[in-house]
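All values below were derived from every heavy atom in this structure, side-chain atoms included, with hydrogens, water molecules and symmetry-related copies excluded. Owing to the predicted nature of the structure, the values given are computational and were not obtained by experimental measurement.
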Amino acid sequence: MALVSPIKLSDEEKLDVLQRLDQFRQWHSLDEKRYCLVCGEIITGREIQVIWSKRENRPLRIICPTEHCNAMPMEWVRPTDEVLIKIAEAERRRIRLTIRAGRATRSLPKRNDKQYDR
């Protein structure tokens, strides 16, 4: 039997949990956004998962809702203009690297398949 599981809360309960468990940033609304430094997604308070301790019958922690990302509040920042600019710059660099890799692949000599059929 699992000791923790995500739970569904009313909006009021969830906001209360976010306000209590996020020691790094204040939450005034479930519609507030945070940028997850781990997975790179922008998340809202509504999306954040509350993990419940079945053994202790209380909220244990809050985590990023993105699949395979268990980032916690210390890994979330407000998506200010400065943060969004850095995200855009990183994305632009990634796209440029992808384009360069594609060009480099196209410039490689064609493989002679007859040579590999032996």
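Under the side-chain contact (heavy atoms from CB on, under 4.5 Å) criterion, S10 pairs with E12, E13, sequence neighbours left out. Qualifying side-chain contact (heavy atoms from CB on, under 4.5 Å) partners for L84, counting only residues two or more places apart in sequence or in other chains: I42, P79, I87. With sequence neighbours excluded, no residue forms a side chain to side chain donor-acceptor pair (under 3.5 Å) with D81.
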For residues 21-31, tabulate all N or O donor-acceptor pairs below 3.5 Å that involve a side-chain atom, not counting sequence neighbours.
| unit_1 | atom_1 | unit_2 | atom_2 | d |
| --- | --- | --- | --- | --- |
| D22 | OD1 | F24 | N | 3.0 |
| D22 | OD1 | R25 | N | 3.1 |
| D22 | OD2 | W27 | NE1 | 2.8 |
| R25 | NE | W76 | O | 3.1 |
| R25 | NH1 | P73 | O | 3.1 |
| R25 | NH1 | W76 | O | 2.7 |
| R25 | NH2 | W76 | O | 3.0 |
| Q26 | OE1 | H28 | NE2 | 3.4 |
| S29 | OG | D31 | N | 2.9 |
| D31 | OD1 | R46 | NE | 2.8 |
| D31 | OD1 | R46 | NH2 | 3.4 |

Validation: residues 63-72 side-chain donor-acceptor distances under 3.5 Å, sequence neighbours left out:
none

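Rounding to the nearest 0.5 Å gives a distance of 9.5 Å between CD1 of I62 and NZ of K14. The distance from the CZ atom of R93 to the CZ atom of R96 is 7.5 Å, given to the nearest 0.5 Å. Between K33 atom NZ and E41 atom CD the span is 12.5 Å, to the nearest 0.5 Å. For the atom pair CG of L15 and CZ of R20, the computed distance is 11.0 Å after rounding to the nearest 0.5 Å.
Applying the under-4.5 Å side-chain rule to Ile, Leu, Val, Met, Phe, Trp and Tyr, the cluster around I95 extends to I99.
The closest side-chain heavy-atom distance from E32 to R34 is below 4.5 Å.
With hydrophobic clusters built from ILVMFWY side chains whose heavy atoms lie under 4.5 angstrom apart, I43 does not share a cluster with Y35.
A salt bridge does not link K86 to E89: none of the charged side-chain nitrogens sits closer than 4.0 Å to a carboxylate oxygen.
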